[in-house]
Structure formats: structure tokens, C-alpha cells
Amino acid sequence: MKTNRRFEILEDKYCPKDIEQKWQRYWFEKGLYQREEDTSKEKFYCLEMFPYPSGKIHMGHVRNYAIGDVVARYKRMKGYEVLHPMGWDAFGMPAENAAIKNGVHPARWTYENINVMKSQLNRLGLSYDWQREIASCSPEYYRWNQWLFLEFYKRGLAYKKRSFVNWCPACATVLANEQVIDEGCWRCNERVVKKELEQWFFKISKYAEQLLEGCDRLQGWPDRVVAMQKNWIGRSIGLEVDFPIKGMDRTIRIFTTRADTLYGATFVCIAPTHPMSEILAGGSPDLRVAIESYGKEEEKFGFFTGRYAINPVNDKEIPIYIANFVLMEYGTGAIMSVPAHDQRDFDFAKKYQLPIKVVIVPEGDSAAGKDYILEKAYEEEGVLVESGQFSGLKSDRARDEIAQYLTKKGLGTFSVNYRLRDWGISRQRYWGTPIPVIYCERCGVVPVPYSELPVILPEEVKFTGVGGSPLLEAKEFICTDCPQCGSRARRETDTMDTFVDSSWYFIAYCLEESQRRASLDKDMGYRIDFQSAFDKAKVEIDRWMPVDQYIGGIEHAVLHLLYSRFFTKALRDMGLISIDEPFKNLLTQGMVCKETWRCTEHGWLFPEEVKDHRCIHCGSHAEKGRVEKMSKSKKNVVDPNILIEKYGADTIRLFSLFAAPPEKDLEWSHQGVEGAFRFLNKVWTIVHKYISKRGPKEVLLNCSKEIDVVASEDRRTRILRKTHQSIKKVSGDIERDFHFNTAIASMMELVNELSVFESETEEDLQVLSTSIENLLLMLCPFAPHIAEELWEAIGKDRSISLYPWPSWDEELAREEDIELVVQVNGKLRGKMVVPRGTEDEQLKMLALQDQKVKGFIEGKTVKKVIVVAGRLVNIVVS
RNA sequence: GCCGGUGUGGUGGAAUGGCAGACGCGGCGGACUCAAAAUCCGCUUUCCUCAGGGAAGUGAGAGUUCAAAUCUCUCCACCGGCACCA
């Protein structure tokens, strides 16, 4: 008998490995998460940022995709038709670096990684529709990049210009402004230098105003992301003023936001790359120096050109300087310098002994006209002095009047400037979308005709790691005929920034499979009729876009999200789509962090290199470092695969959803994972205990034991009430900005109550059965495998994910007796239990009669009694 | 410098004007066991205590309110974004 029982217990053990594989196979075979094509349902597009196929998933992926999967599964159960796709951001440098290092072709490396990562994602039990999978490095994907590029080109949204660009010497490629972090490369941290190159640009600046305006309509986005976008676009209103050059029939146009300081301008500075620099410098060798130190912050350098400009408001002649800190990319590339009211100009004036003239004094300061000796620039607003007819005006008023005065005279104009620059998309790399352009000696820049798209990336190239892009050596690729005149021509060897790929992939998922995969045959050259393919897909795109919930890391707050918004607006103007913002709701999940260890000798340490706060290598004190984002270099990563192996995907999912609300950073805790595992075991035990009591085929036990009827009813009511309260709470928490952590907490509460509930009668079992069914339904989005397994165990024959999300009965959820707090002057003094619906007057009376309360109001006058229904009674005494 | 965010027990975090600390982790005590693990039960903000309770308490200070972790103002600390942007 004893052995038999032991065997039973063994059989009932929660074994995640077995059940997870079983259900993953089941979902795959039934195609459960492919789109149902039921347009009667309301649509819900749930999207997580697609990963770069590095070859291994990390905890950041797990968290991101666990969050997304709960949303997708929940919405499905709520009756939506859910689109939940996944793909690969598959172009990029690591593949090329691997080719240089190990001799593996980037394509092979990438596709092998995709295979590995895909199986890892599947082990998490994520409910993706893999039918819609995309890989941005495949010709059937990037041909669309090329088509869109040519459409942009046709509309002047893509153009080529020679300019100073950010160059990363280590990566041997150009970087966009957005990819330069603290003057270093966003990828390798190498110091970025300026280099003059011919580059392709996307005219994102055309949409600066729209992108800014649209920010206010991004109600479903986190405030800080919207703020960062606004910051990046950086709009400022000011005045452009023409300064005539003395002795020349030309003017220099400057931009200023402080027209009120115009009388204080004592010199003019222009950028070294300004079109007038060459002429004004008159062959001075200093111009070289200025260009070389252009944009470098530590050294401010400038030189006098020998020419003078005339300040149009007072006809004063002031020297023209060429200065390295004046940026050609912002404003007009020229400024008027007002050292008295701009710290940077002040420093420059001090260095080159230029006059400083005060024209603004603090309001209420009667020292107007006195000689000021400034320690530093006075940058605040104030009242104008020494400013001709405008003296005495306040700054804001003066700005308007000066602007009007100059506009009338035709010397100035209102102007809006943006910090946002055009997006340089040329990359001198191999593993990216070839830019579909041909250079002909006779015809110049010739776009590749649509009928010849796509330009396929040649496979046979050498990866040496030296001498720039491998495409430069690919003669067969480069040499071609001009599509216009037929003479010999050269192909563009630069490829597109990979951010182009991710700027519209959310639309690619909407395209019918047949459109996306049309002419997969290599022999056909992946050729399709783009326009008509897009036209056919328009119904689908219009149905699914915008993305209802987008989920990803905060690191894309500017780059990817801004580019995607730009593409959406551009595509809208091209008539391809009908929306103007791509992502309705955005959730930026926090980072996954873990404690770190350091030793003065050996730097960062793995946890296993630390014993009793000592480094095992040198025995010196190992210091517990800060909690940092998991990274290889800080040696604080945990491998999701090992965890899945040990605890199962459900536990890992549950922990990463429970430990913190999704938008906050999550601190990894090994004990926390154990806790999540313990919870699932508890659920398992409860359900199996219930099944063994109930018997295998819903045959309820006949319990002859005599029990107190009233008491048992109370128990059952409590369980039933708790169940309905839990459904209400869990639903509410998910709806309220995805507060999964508190949703899981209330499921834990329910489980705690269920585990102490001893079922003895048929009625008990019925109540228990209801509770368990609801519990499993609620658990399903979070821990889908165990939910399926137990659902099957209690005798259901359809997958749990096909059942609707449970609803609660408000009546059943409501407490009969309410515990009411009694306060005296806002301080908690007593508690009383009253039946629901007790009148306010009655509550007042009861509160005043309370023994404990009496002690606090004795000898005092009751001024007021406040009753808050269902919550408290507050007695105000003095 | 400008913009945004955060600050709560030993710890991750709950509570968005109405009982501060739900739930989890850790700790302490107990049950079971020959023993251990697992599991289960109880306690766990701090201080005072006549053992009934009482006082303090959400970075600091002020204010609004019958009532503030929550709203307003000032300050402090930390984190993030932008920054020679005219």
C-alpha cells in the first residue's frame, strides 16, 4: 500500500520539461496561433521589437517576449483577432565580423543563428504566427527597401550630397547622428571622427514639424519617450538676419533666437565649411586648422578673415571670424556673436580680445548706461539698453519689434530651426541592402529601373577586414551598363543603414503571405511588380495598422521609433498606407539587471569566482558592485536556456513578469525564480489533490462525514468570493497598463486560499472545481504550458487557449460584511465590522459608541463626522 | 545648463487622496523526519510598553485637506536623454 502511494506521488510530480515539449508540439501541429481570418472580430496587432539574430537569446529577450505573449494570449481570450508575428533584424555588422574572423559567410552565419534562436524562442512557448516570419536579409524582404528607396528618390526624399559625416575608424563606416553616443560609436565605442564623403540621405527634416506635432497625439506612449523625441527634433523659433559684407556685394545670413541682443553683436562667426569661408579666408592656412578641429568641443578655434560685416540695425562694422564651433548643419551656418549675453561668445571674445557690449540689463536695474565689467555672460532676459529706438523694451517685446522692423526692411525673416538633421543612410559595409543606384559617366546618377529590382547582394566576395567594404572588390557586381545610355557604368557599393530595414517591418508583417513570398524562385531574381503587390496588400495593411501594442527596449526611444514614424508619414504621403502614426501604444520594458562583483586585481568577477566576499584567484576582498544591466563584460549574465532546462519556461516567464512592473528595471534574483517555481508546484498540487478526491471521471465522492452545514457554507462562499475577486483584480491589473506583477500576486492569494481549503462534500468539490477552472484560465497567458496540462488533467478536451477569458460576478465578488476603519482626527483608532449597505447615520452612531474611540473623544467636542462609504468613518474633534 | 524619471521594511515591490508595507524573497520559530531536503503552519517596519496598547514612520522641509506615499511649492540624492544648437 505504501509503495503504491509513493508511486502515485511520483506520477503527480510537476515535470515542466515533459509537459512543455508536449504542448509546444501540440500548438505547432494544430497551428493554433496562426491568424484565424475572422474579420467579424475586432483586430489587435501585438508586436515586439524583432531581435538581431546574434545566435543566442538573453534575458532581455525573454522579458520582452514574455510580456508580449501575455498581451497576445490575453487579447485572444478576450475575443480579439490577434496578429502576433515575429522576425529577424538580420542585416548588420556582427555577421560580417564573424566572416572576417572565422571565414563563415554572413548569410550562413545569420541563417544558422536564426534557426538556433527560433528554437530557443519556441521553447519559451510564445504564441507567434510563424507563417508571417520575415528575415530582413532575404532578397524577398530587402527588395522592398530598394523599391521604397527609389520611390523616395523620385520624390526628393532620398538625395546624395557631399558632407562631413561621422566616421567610425574601427567599423570603417559612416554613422548617423543618432548612432553617435558621447562622441563614440554606438556599437564599438570607438571615437568618431569627421570625414568628408558623398553620402545618401533621407530627408527626414522635411517631416520635422509633423513628427513634432504628432508627439502630442502619442497618448499611448510613455512620457519620457515622447520627451526624448521632442528633444531630438529640437525646434527653436528665431530670426534670420542678413549682414552685408563691407566692400562686397554679398551678405551673410545668420540665425538667432535672441534678436533682442542684436545691438550687442560685436563680431560675426561663420562655419569653416560655410560656402563663403573659402572666399573670405582668402587662402589663409588657418582655414585648414579650423576645418580639422571642426566640431571638436575641447578647443575653440577661430581666426579673423580681414573682412567686416555691417550690423543692419545700427550700421556698425564688426569683424567676420571663421570659427570651428559654428556648425554648418544648424541654422544658417553663421552666427552673430554677442559676448555680453552668450557664454560661448564671451569665452571666444576673451580669447581673441574682442569687445563686449552690454545691451540687456536685469529688470529693475537702473544702472543702464554704466560701464559693465562682466565676469561672465548675462544670459537671462531683461530690459534693453544702448539699443537705439528699442532701448527700454523688455526682451520678449523687443524680439518681436526688432523682427518686425527688419522684416519690413527686407533684412530679416522669422525662421524655425530644427536640431533634427537628415538621416545619412549610406554604409560602407557588405551585409546590408544594396543601394539601387548606378553611376554613369555620361548620365550621372541613374536609379536602377524597377524592372531590374532587386539588386542582389553578390555572394562571392572576400572578407579580409581591411580596405573597406568587400563590395569594392566585387567586379562583377560593380561593372554594369547604364540603364539610360547603355554605356559602361558603375554600381553603388554602399549599402543601407540597417535601421532602414526596421523602419517599416511592422507593415511587412501585414502583407499577405503570397505577396511577401511572391517569386521566391531565385532564377526569377525575386522580381515582382511592386506597386500592384502593394495595392493588393492595402486592404490587409489598412485592417492591421497601426500596431495596437508595441513592446521593446527604451534604447530605441529615438533611433528606431523616430525613423519608423518618419517612414509611416512618408508612405502615407505616397498613398501606400492610410495611417500617420505606426504605434498606437508603446510599452518600453525595463532592463534585466543583476548584482555584480569586482576585485581590484581581477576586475569584474563571475559569481562563482567569489567565495565569502573574497576573490578565489587572489584572495583579496571582492566588492559587491552595483546592480547593473546584464552584460558579458560585467560577468553578471544568466543564460535563459539553462534556466528553462532546470525550471521550465513557465517559471522563467512567471518570474520575469512578477518581479517588477514591465516598464521598470528588473533585478534578477535566483530565490525569486525558486519562488515562481514553488507557486506553479502549488497550483499543480491543488489540482491533482482535487482530481484524486473527485475521482477520474467527474465522479464526485460520497462523503458521509458529518459536518457543520453553516460553517461549510461559509467556507464555500469565501472561496467562491475570493475566486470572483481574483478574476476582477487580475483582469483589472492587465487592463490597467499591464500590471502583471500585481495580477500574479492576486493569483497567488487565491492559490493560498485554495491550498488550505479541505473539500469534503460534493458541494465543496463543485466550488473547488469552479475556482480551479477560473484559476487555470487566468494563469494561461502567463504560464501556458502548465495551464494546458492541468486543463487536460481535469478532463477538458479542447485547448485552454481556445476558451474565453473568465468574467466575474459583481454580486459574488462583493463582501457581505465590511470592515470599516474608524479614525479620530485622521488617525486610526478602531475597526468595526458592519453588514454591507449600512446607512451612514447608523455608521456614525456605531463609530461614536465604539469603546476604543470613546477614549479618544472624551472631553472633546465632535466638530464633524465624515463617512466614506465602504471605507471609513473619520471623527473630527477639537 | 536644459528636459524627463525615480526615491516606501532586511530585500524585489503593493497601495494614485481614505487601514502604509498586498504578494514574493530572506530571516526567526514550530510541525513532519532517525536525519536532511522538500512540504506545511506561525511570526517578521522601528521604538516604547503598565502587555490593553501607545508613539514614530514612505529622501528633507513647508503647504492644501476631515484625511497625503499619493496633490502643490522649495530643497537634496540618484538614474536617463540632449547639449558649442546660436
Side-chain angles (χ1 to χ4, degrees), chain A residues 181-182 222-236 238-239 254-258 261 269 271 295-300 323-327 329-338 341-345 347-348 379 417-421 554-555 557-558 626-627 654-655 658-661 663-676 678-679 681-682 685 729 733 736 739 741-749 751-752 755-756 819-831 851-852 855 863-877:
Chain A
I181 319 281
D182 291 332
D223 289 345
R224 61 173 171 158
V225 176
V226 177
M228 280 159 85
Q229 295 241 332
K230 281 184 176 173
N231 214 328
W232 191 262
I233 297 164
R235 182 180 198 260
S236 58
L239 189 68
I254 63 101
F255 172 73
T256 180
T257 55
R258 290 296 300 270
T261 65
C269 287
K296 278 189 188 157
E297 197 157 336
E298 57 275 12
E299 32 176 330
K300 227 163 250 154
N324 68 341
F325 67 86
V326 180
L327 308 171
E329 293 83 0
Y330 187 77
T332 57
I335 59 167
M336 63 164 189
S337 286
V338 187
H341 306 294
D342 183 299
Q343 191 55 41
R344 189 198 43 203
D345 294 345
D347 297 340
F348 194 83
E379 293 185 322
N417 257 287
Y418 300 93
R419 218 186 61 91
L420 182 72
R421 316 266 163 80
I554 185 75
E555 66 271 21
V558 227
R626 289 184 6 165
V627 175
L654 200 73
F655 170 73
F658 176 63
E663 69 281 359
K664 277 186 105 176
D665 284 353
L666 180 151
E667 189 184 332
W668 190 262
S669 140
H670 177 69
Q671 283 100 343
V673 178
E674 293 272 358
R678 224 170 312 183
F679 167 70
N681 269 292
K682 248 179 170 176
T685 310
K729 180 83 168 77
D733 284 347
R736 179 177 60 109
H739 281 217
N741 56 331
T742 49
I744 294 167
S746 47
M747 283 191 267
M748 285 173 168
E749 281 184 53
V751 166
N752 287 344
S755 66
V756 294
E819 196 188 50
L820 219 60
V821 170
V822 185
Q823 296 180 333
V824 177
N825 283 348
K827 283 202 170 145
L828 173 69
R829 293 305 180 191
K831 284 180 183 182
Q851 275 308 316
K852 270 183 220 152
K863 283 172 74 180
K864 210 198 259 185
V865 180
I866 289 146
V867 181
V868 183
R871 287 191 189 269
L872 56 73
V873 179
N874 189 11
I875 302 161
V876 188
V877 294

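Residue numbers begin at 1 in each chain, while the letters A, B, ... track the order of the sequences.
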Look at the side chain of A:T742 and decide which nucleotide, out of B:A86, B:G81, B:A15, has an atom nearest to it.
B:A15
Watson-Crick or G-U wobble partner of B:U6, both distances under 3.5 Å:
B:A77
Using atom C1' of each nucleotide, how far apart are B:A55 and B:G63 to the nearest Å?
25 Å
Taking only side-chain nitrogens and oxygens of A:R871, does any of them come within less than 4.0 Å of OP1 or OP2 of B:A67?
no
Would you mind classifying the nucleic acid contact of A:Q823 as base, sugar-phosphate or nothing, using non-hydrogen atoms under 4.0 angstrom?
base
Within this structure, what is the CG-to-C1' distance between A:N324 and B:C84, rounded to whole angstrom?
9 Å
For the side chain of A:A660, starting at C-beta, report the closest nucleotide among B:A22, B:G13, B:C84.
B:G13
A:M228 side-chain proximity, nearest of B:C84, B:A56, B:G81
B:G81
Quick one: label A:K729 by what it contacts on the DNA or RNA (base, sugar-phosphate, nothing), any heavy atom closer than 4.0 Å.
nothing
Under 3.5 Å, is there a donor-acceptor pair between the A:K864 and A:N874 side chains?
no
Should B:G52 be called syn or anti, with syn set as within 90° of 0?
syn
From the set B:C19, B:G4, B:A86, return the single nucleotide nearest to any side-chain atom of A:L828.
B:C19
Just to be sure I understand the rule, does A:N874 reach a base, reach only the sugar-phosphate, or reach nothing, if contact means heavy atoms closer than 4.0 Å?
base
Pair A:K827, A:R829 - check side-chain contact (heavy atoms from CB on, under 4.5 Å), show working.
CA-CA 6 Å; A:K827 283 202 170 145; A:R829 293 305 180 191; 3.7 Å; yes
When you get a sec, tell me which of B:C82, B:C84, B:A86 is the closest nucleotide to the side chain of A:K300?
B:C84
Just to be sure I understand the rule, does A:G331 reach a base, reach only the sugar-phosphate, or reach nothing, if contact means heavy atoms closer than 4.0 Å?
nothing
Do NZ/NE/NH1/NH2 and the carboxylate oxygens of A:D733 and A:R736 come within less than 4.0 Å?
yes
Across the strands shown, which category fits A:V876 at heavy-atom distances under 4.0 angstrom: base, sugar-phosphate, nothing?
sugar-phosphate
If you take atom types as modelled and just measure distance, does the side chain of A:K230 reach the base of B:C3 with a donor-acceptor pair under 3.5 Å?
no
Need one value for A:V326: base, sugar-phosphate or nothing, where a base atom within 4.0 Å counts as base even if backbone is also close, heavy atoms only.
base
So that I know where these two stand, are A:F658 and A:F679 an aromatic pair - ring centroids less than 6.0 Å apart?
no
Does the side chain of A:Y330 reach to within under 4.5 Å of the side chain of A:Y418, using non-hydrogen atoms?
no
Go through B:C84, B:G18, B:A22 for me and flag the one nearest to the A:A745 side chain.
B:A22
Check every atom of B:G18, B:G24, B:A86 against the side chain of A:L327 and return the nucleotide holding the closest atom.
B:A86
Touch check for A:N231, heavy atoms < 4.0 angstrom, all strands: base, sugar-phosphate only, or nothing?
base
Expected label for B:G9 (glycosidic angle, syn inside 90° of 0, else anti) would be syn
How far, in whole Å, is B:C23 from B:C40 if one measures between their P atoms?
15 Å
Could you tell me how far B:U8 sits from B:A69 if I compare only their C1' atoms? Round to whole Å.
7 Å
Checking contacts here: which listed nucleotide (B:A55, B:G12, B:G18) is nearest the side-chain heavy atoms of A:R829?
B:A55
So what does A:E819 hit on the nucleic acid, given a heavy-atom distance under 4.0 Å: a base, only sugar-phosphate, or nothing?
base
Nearest-angstrom distance, C1' atom, B:G9 to B:U46
9 Å
How would you label the contact of A:R736 with the nucleic acid (heavy atoms, under 4.0 Å): base, sugar-phosphate, or nothing?
sugar-phosphate
Could you tell me the separation between the CG atom of A:N681 and the CD atom of A:E674, rounded to the nearest 0.5 Å?
10.0 Å
Considering only B:C19, B:C23, B:C41, which nucleotide approaches the side chain of A:N752 most closely?
B:C23
What's the closest nucleotide to the A:R344 side chain, out of B:A83, B:C66, B:C84?
B:C84
P atoms of B:G54 and B:G18, separation to the nearest Å:
23 Å
Rounded to whole angstrom, note down the C1' distance from B:A77 over to B:C84.
29 Å
A:R224 side chain N/O closer than 4.0 Å to the phosphate oxygens (OP1, OP2) of B:C82?
no
Under 4.0 Å, heavy atoms only, any strand: does A:S236 hit a base, just the sugar-phosphate, or nothing?
sugar-phosphate
Would you check if A:V673 and A:W668 make a side-chain contact, meaning some heavy-atom pair closer than 4.5 Å?
yes
Answer for the Watson-Crick or wobble partner of B:U64, both distances under 3.5 Å, is none
Which whole number of Å gives the distance between the C1' atom of B:C19 and that of B:G1?
45 Å
For B:G80 versus B:G29, give the span between their C1' atoms, rounded off to a whole number of Å.
45 Å
Please determine whether a side-chain nitrogen or oxygen atom of A:N741 lies at a distance below 4.0 Å from atom OP1 or OP2 of B:G24.
no
Identity of whatever pairs with B:A22 - Watson-Crick or G-U, under 3.5 angstrom
none
Do the non-hydrogen side-chain atoms of A:E749 and A:V751 ever get within less than 4.5 Å of each other?
no
